[in-house]
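On a predicted model such as this, the values are computed, not experimentally measured, just so you know. The sequence lines fix the lettering, A, B, ..., with proteins before strands; numbering per chain opens at 1.
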Amino acid sequence: MKTVLMVAEKPSLAASLANILSNGKATSRKGFNGACSVHEWVGTFRDSSAKFKFTSVCGHISGLDFVGKFNSWDKCDPIDLFSCPTEKKDATPKLKMPQFLASEAKGCDYLVLWLDCDKEGENICFEVMDAVSSCIRNVRSTSVTFRAKFSAITEKDIKNAMATLQFPNENESRSVDARQELDLRIGCAFTRFQTKFFQGRYGDLDSSLISFGPCQTPTLGFCVQRHDEIQQFKPESFWYVQVTVDPEQKLEWQRVRIFEKEVAMIFYNMVKEQKEAIVESVTSKDNFKSRPLALNTVELMRSASSGLGIGPHVAMQIAEKLYTQGYISYPRTETTTYPTNFDLRGVLKLFERSNEYGDEAKNVMNDFVQPKKGTDCGDHPPITPMKMANRSDFDGDTWRVYDYIVRHFIGTLSRDLKYKSTTAKFIIDGEIFTSTSNVLIDAGYTKVMTWQAFGKNELSNPYNKGDRVLIKDVKLIESQTGPPSYLTESDLISLMEKHGIGTDASIPVHINNITQRNYVSVEAGRRLKPTTLGIVLVHGYQKIDPELVLPTMRSALEKQLNLIAHGTADFRAVLKHAIEIFRLKFQYFVTNITNMDSLFEVSFSSLADSGKSHSRCGKCRRYMKYIQQKPARLHCSHCDETYSLPVGGIARVYRELKCPLDDFELLAWSSGNKGRSFPFCPYCYNNPPFPDMTRASGCNNCTHPTCQHSLTNLGVSSCIECDKGVLVLDCTSSPKNWKLGCNSCDCIINIFDDALKVTVDEDTCECGSQLVTVAYKQEKTPFADGDDKKTGCIFCFNEFMPLIEKHKAVENRRLNSSRGGRSSRGRGKGRPNRGRPKPPKDKMAQLAAYFV
DNA sequence: GCAAGGTC
């Protein structure tokens, strides 16, 4: 019997598709990666009986990244990112997706791909084929691998897809490869360049990353565009005639308003003369407010933001949680129409006993209205509740999102809101005024979607045709036009959707990005107000190359990519062309960055003006400025150089000591009272002097052979907690505090309280540790024999034991080494002892290495 | 420390 492997895009879909195709007979087991399940049954494939295995991936298997040194910000020029090699890497290594698929594919004869029917899905088809290519023979052959094309998750559609299997479309997949490569190269090149450029010049930028991206930047552009409209807005005065009749009722003027005072005055003077208004006509009509379409992702995000005050990012996190707990259906979908066979009444029935919706659910059940027809995008059914919940089952916001989804669902099956509008038309000396009353006839869906309730239920108009109504008062009112408001998050989502920026899944990510990077702030009513940084960035792009911030940039790119997808253009040619265009744009941007910089200059303070004088530069001997704002930096305004500093903590001047290599003053970094600390040279920290010293290293990682602060001279033993680190004597807070700190992990051992001096000897203990000499003031010596100075091993010398801070790891170590005492000098090379620390690297070998 | 796109 042949075996057919079938793969969906996510675990939930594999389960429901398997259930449909097996007529509910599939058995399920968890895959070895813990995330995916495998559903198995026996059925018929190509007229023979066959074993089916249905599993899934979790989105993309792999993602694109740069190779090796091109991932380092310091080892390459951003322009290189347009031409450097790239490689595919596991998207989520812990899922072990390729291994999982390969293991399930063993022994399979056919592959049927049930990935989502869009370009990303087509791309994942090829990722799946790659993953199983060593396990399924001829996986690229059209007699082995098939593509199921479905447009709804319904039995009819799915079984039809199974009966009319097609082949994966490589062109569509390649267009996604191209998009990935372009996004990566463009985004990273611009981001690295502008981040380094502006961080090297300003001290008070409120973001530690100045990112650029083909989606996030136009998204920011929308917010700044509205800001500009507000700034440029000039209020205009206008006038209108306000008539009040008796009984008290203000009429609306048909001319609404007039922008010339003289003209308005003429009308005012005319109307003012009259005592009566004549009712010329009274007309009525029924109006409707339509029940909502079935709920999709974008609408959920918009309503959460505008109605519940919950941002799209958080709203989607909540929706996903509700989904995985089985309370709602899959929350990422564009579709706004229920599948034809969807059991709407079944869902409604879930809520008949609910305290919250019971009455509404029963009413709607008895007065069931067919939902409005929306769009079927062929992805997933609209978002609906799946299970009844009570208020007490969730925290506040989760409840509010769930409550919204339920009410929206019931709303789609309710009647439209209906009201009667009656308009009376008045004539006053030829001028027309009106009065309209709106009377609710049927609250319809707003009974359950109460926030949309009819607000202006008024008394019906009392007027009849031909009535003469007494005019009580006539006024000429002056007013001014007002500026627009900042974009609401909900407006922004609509704009992004309209311009094709991001997808339903990525829209909240982009919005989150521009807030996290401090380009916009979320104000009252979830309105997005750009920050100075956001404004300056967008205006800067507009000065240099407006296309960089235009929403059309993404769609133009998509157009190019579609040529690949449709097979009308060659993948290589399109990609090469697009990369070249953006490479030139990037070059132009770099050479003209001063245009953007002139905007930064006005808004931010230069490094030279920020921070405090701190320590001396090794090149010019002048004091450098210490900028403590994130990211912490030292700036030498004379040399115009910026040196980054360790993240967090503080870097104080270290006794005016100097690095023997470059003459820079040493700093002592400390992450706090009981945290890590080490000395470092700001120059070496940014430009490691030795090949075995990585960037961002302190002196405790420096292998300088003779410097008194180096690892070579202060290293005591290999770390007792981690594999790769060395415990190094840390004198930065001596003589108050002496300690050993690991140069790799967080391990710290406090030693020799109140000691005058601690030094690391040349000799080693037989356990492999360097011996240490400690000296105390005579009156403070802790030793029983009254000696004020002793040499021994921190770990083995009994007299040192009480002077080493109790530490679990130290305790363990003592058990392994009961011997105490002095050096075992002359006893030959220390035997390798299991469970005992390895000695620090051999000093002579290191010395030799430098002089080669 | 970068992008955007899937999804857990």
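Here the C1' atom of nucleotide dA4(B) and the CE atom of Met496(A) are 11 Å apart, to the nearest Å. Distance Gln516(A) CD to dA4(B) C1': 17 Å, rounded to the nearest Å. Regarding Leu182(A), its CG atom lies at a distance of 16 Å from the P atom of dA3(B), rounded to whole Å.
The only member of Asp397(A), Leu300(A), Ile328(A), Asp395(A) that meets side chain to side chain contact (heavy atoms under 4.5 Å, CB included) when paired with Ile318(A) is Asp397(A).
Aromatic pair Phe582(A)/Phe82(A): centroids not less than 6.0 angstrom apart.
In terms of heavy atoms, Phe126(A) sits closest to Glu170(A) at CZ-CA, 3.4 Å. Scanning all heavy atoms of the two residues, the minimum distance from Tyr519(A) to Gln216(A) falls at CE1-OE1, 4.2 Å.
In this structure, Leu64(A) reaches the bases: a heavy-atom distance under 4.0 Å links it to at least one base atom across the strands shown. Within 4.0 Å of Pro11(A), counting heavy atoms only, lie sugar-phosphate atoms of the nucleic acid but no base atom. Nucleic acid contact for Gly502(A): sugar-phosphate only, since backbone atoms but no base atoms lie under 4.0 Å from a heavy atom of the residue. Among the heavy atoms of the strands lying under 4.0 Å from Thr503(A) are primed sugar atoms or P, OP1, OP2 only; no base atom is included. When heavy atoms are screened at a 4.0 angstrom cut-off, Asp116(A) is found touching the sugar-phosphate backbone but no base atom. Among the protein residues, Arg185(A) comes within range of no part of the nucleic acid, since none of its heavy atoms lies under 4.0 Å from any strand. Within the nucleic acid shown, Asp65(A) comes within 4.0 Å of at least one base atom, counting heavy atoms only. Using a 4.0 Å heavy-atom distance criterion, Ala189(A) is classed as making no nucleic acid contact. Nucleic acid contact for Phe70(A): none, since no nucleic acid atom lies under 4.0 Å from a heavy atom of the residue. Here Gln199(A) lies in heavy-atom contact (under 4.0 Å) with a base.
In the set dT7(B), dC2(B), dG5(B), the nucleotide with an atom closest to the side chain of Arg517(A) is dC2(B). You'll find that the side chain of Cys215(A) is closest to dG5(B), out of dT7(B), dG5(B), dG1(B). For Asp183(A), the listed nucleotide lying nearest its side chain is dA3(B); candidates were dC2(B), dA3(B), dG6(B). Between dA4(B), dT7(B), dG1(B), one nucleotide has an atom nearer to the side chain of Arg179(A) than all others, and that is dA4(B).
Phosphate contact (OP1/OP2 of dA3(B), side-chain N/O of Gln180(A), threshold under 4.0 Å): absent. Here Ser506(A) reaches the OP1 or OP2 of dG5(B): one of its side-chain N or O atoms lies under 4.0 Å away.
Proximity of a side-chain donor or acceptor of Thr591(A) to a complementary backbone N or O of Tyr588(A) within less than 3.5 Å is detected.
dA3(B) has no stacking from Phe212(A) on its base ring, since the centres under 5.5 angstrom apart and planes within 30 degrees of parallel are not both found.
Between the side chain of Glu127(A) and the base of dG6(B) there is no donor-acceptor pair of N/O atoms closer than 3.5 Å.
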